[in-house]
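Here is the structure we will look at.
Everything numeric here is computed off the predicted structure, so don't read it as measured data.
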Amino acid sequence: MKFGCCLPGGPYDAGRAKRLLGMGFDCAEIAAAPLAGLTDGEFAALKREVQAGGLPVETANCFLPGELSLFREEQRDALAAHVRTVLRRAAALGIRVVVFGSGGARRIPDGVSRETGEAVIADFLALCDGVCAETGVTLAIEPLRREECNVLNTVGEAAALLRPLGLSHVRLLADAYHVFCENEPLSVLEREKELLVHIHAAEPPRRVTPGADGGDYLRRFAAALRGAGYHGRVSIECGWTDFEKEMEQGLLFLQSCFR
């Protein structure tokens, strides 16, 4: 497995990246949405920063900004333009997986049926799949707990929506914290193993650094993941008070139980 961490605030800082590389991290995860707002010059500077830091950026989260919605007809062109820009720039940075959490953007509005809502999400995924095919990036749907979104709350639910679509470049992420909050059986990791391309790890129930509260649940999660034959990336995504100290502790915990 490769172990990464979500950089606080999203930006890539070469100095911090070098320290994380020295701790033993394999890669970093940044916020995807801000890539769309960078000028060409700013994006070129970001590429130089990544090269200087030495820690590859292989994943990105926060795909859509809060002001965009899949359900606003007047935003359709802006949404498509955002998807194209972000995925193309992600590819240029070497990012392999872009995470589609974006609970606000995909939330089904009041008065819209579940069936209609899922059809809108399916259309959006098809749009993304086409751009992903051009760029070589994979989109990973992130199931979110019910407090954060009203659709695609579990790995099983996301898989049930995704499988019939037959998309080649859209897969799933499993976030240990959300799986815990939704009380989803860990057997889902084995059942949907062919769709899993990325993992987020935080210690439930406080969503802190892996291992900070004993790590019992994450050890069970890791065992189920190993049993499913998963060998991809695992990123620490959690709350923190002392980022670099807690990331080092979290990495040591992941190395002890996820491999």
Side-chain angles (χ1 to χ4, degrees), residues 2-70 75-102 104-106 124-125 127-142 168-171 173 197-200 232-238 240 243-244 247-248 251:
K2 284 187 173 183
F3 298 119
C5 67
C6 298
L7 300 181
Y12 186 99
D13 176 270
R16 171 169 280 169
K18 289 178 180 178
R19 294 191 293 274
L20 293 173
L21 186 63
M23 292 177 194
F25 279 98
D26 300 300
C27 51
E29 184 163 332
I30 64 172
L35 296 177
L38 299 178
T39 65
D40 289 343
E42 290 168 338
F43 182 66
L46 175 60
K47 289 179 67 175
R48 291 193 296 271
E49 190 83 356
V50 171
Q51 185 175 21
L55 184 66
V57 180
E58 296 188 358
T59 54
N61 53 39
C62 301
F63 185 31
L64 303 179
E67 64 268 19
L68 286 180
S69 170
L70 274 59
Q75 291 188 337
R76 180 167 295 185
D77 290 345
L79 187 64
H82 179 88
V83 167
R84 288 192 295 270
T85 300
V86 168
L87 293 178
R88 288 169 181 169
R89 285 185 162 179
L93 288 176
I95 291 171
R96 308 294 182 82
V97 175
V98 171
V99 176
F100 174 43
S102 308
R106 78 182 195 215
F124 174 73
L125 295 176
L127 165 69
C128 294
D129 187 64
V131 183
C132 285
E134 298 171 6
T135 60
V137 175
T138 296
L139 188 76
I141 302 169
E142 179 178 20
S168 300
H169 301 276
V170 181
R171 292 294 182 264
L173 175 150
V197 294
H198 192 34
I199 301 294
H200 279 165
R233 300 173 189 84
V234 179
S235 288
I236 298 175
E237 186 193 44
C238 65
W240 48 274
F243 176 75
E244 292 181 22
M247 288 302 101
E248 184 170 22
L251 175 62

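Summarising the local packing, CD of Glu244 is surrounded by more than 12 heavy atoms from other residues, nucleotides or ligands at distances under 6.0 Å.
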Please evaluate residues Phe124 and Val170 with respect to the criterion side-chain contact (heavy atoms from CB on, under 4.5 Å), reporting the C-alpha separation (whole Å), side-chain torsions for both, the decisive distance (0.1 Å), and the verdict. CA-CA 11 Å; Phe124 174 73; Val170 181; over 6 Å; no

Does Glu142 form a side-chain contact (heavy atoms from CB on, under 4.5 Å) with Glu237? I'd like the steps, not just the answer. CA-CA 13 Å; Glu142 179 178 20; Glu237 186 193 44; 3.9 Å; yes

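Put simply, CZ on Arg88 and SG on Cys132 are 11.5 Å apart, with the number rounded to the nearest 0.5 Å. Rounding to the nearest 0.5 angstrom, the gap separating the OG1 atom in Thr138 from the CG atom in Leu173 is 12.5 Å. Atom CG of Leu68 sits about 13.5 Å away from atom CZ of Arg76, to the nearest 0.5 Å. Note: Glu42 CD to Glu49 CD = 13.0 Å, rounded to the nearest 0.5 Å. Note that CG of Leu21 is 14.5 Å distant from CZ of Arg16, once rounded to the nearest 0.5 Å.
Residue Leu139 forms a side chain to side chain contact (heavy atoms under 4.5 Å, CB included) with just one option from Leu125, Asp129, Val83, and that option is Leu125.
Nearest approach of Tyr12 to Leu55, heavy atoms of both residues: OH-O, 2.8 Å. Taking each heavy atom of Lys47 and Ala92 in turn, the nearest pair found is CE-O, 3.9 Å. Residues Pro11 and Leu7 come closest through the heavy atom pair O-CD1, 3.4 Å. What you find for Val197 and Ala140 is that their closest heavy atoms are CG2-CB, 3.8 Å. Closest approach of Ala31 and Pro34 over heavy atoms only: O-CD, 3.6 Å. Residues Leu35 and Val86 share a closest heavy-atom pair of CD1-O, 4.2 Å.
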Distance-only donor-acceptor pairs under 3.5 Å for side chains of residues 93-101, two or more places apart:
none

Less than 3.5 Å apart, which donor and acceptor atoms pair up between the side chains of residues 58-67 and the rest of the protein, not counting sequence neighbours?
residue: Glu58; atom: OE1; partner: Lys2; partner atom: NZ; Å: 3.3
residue: Glu58; atom: OE1; partner: Arg233; partner atom: NE; Å: 2.6
residue: Glu58; atom: OE1; partner: Arg233; partner atom: NH2; Å: 3.3
residue: Glu58; atom: OE2; partner: Lys2; partner atom: NZ; Å: 3.0
residue: Thr59; atom: OG1; partner: Glu29; partner atom: OE1; Å: 2.9
residue: Asn61; atom: ND2; partner: Glu29; partner atom: OE2; Å: 3.1

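Using a distance-only test at 3.5 Å, with no hydrogens or angles considered, a donor-acceptor pair links the side chain of Asp26 to the main chain of Phe3.
In this structure the side chain of Arg171 never reaches within 4.5 angstrom of the side chain of His198, judged on heavy atoms.
A salt bridge is defined here as a Lys NZ or Arg NE, NH1 or NH2 lying under 4.0 Å from an Asp or Glu carboxylate O, and Arg89 with Asp40 meets this definition.
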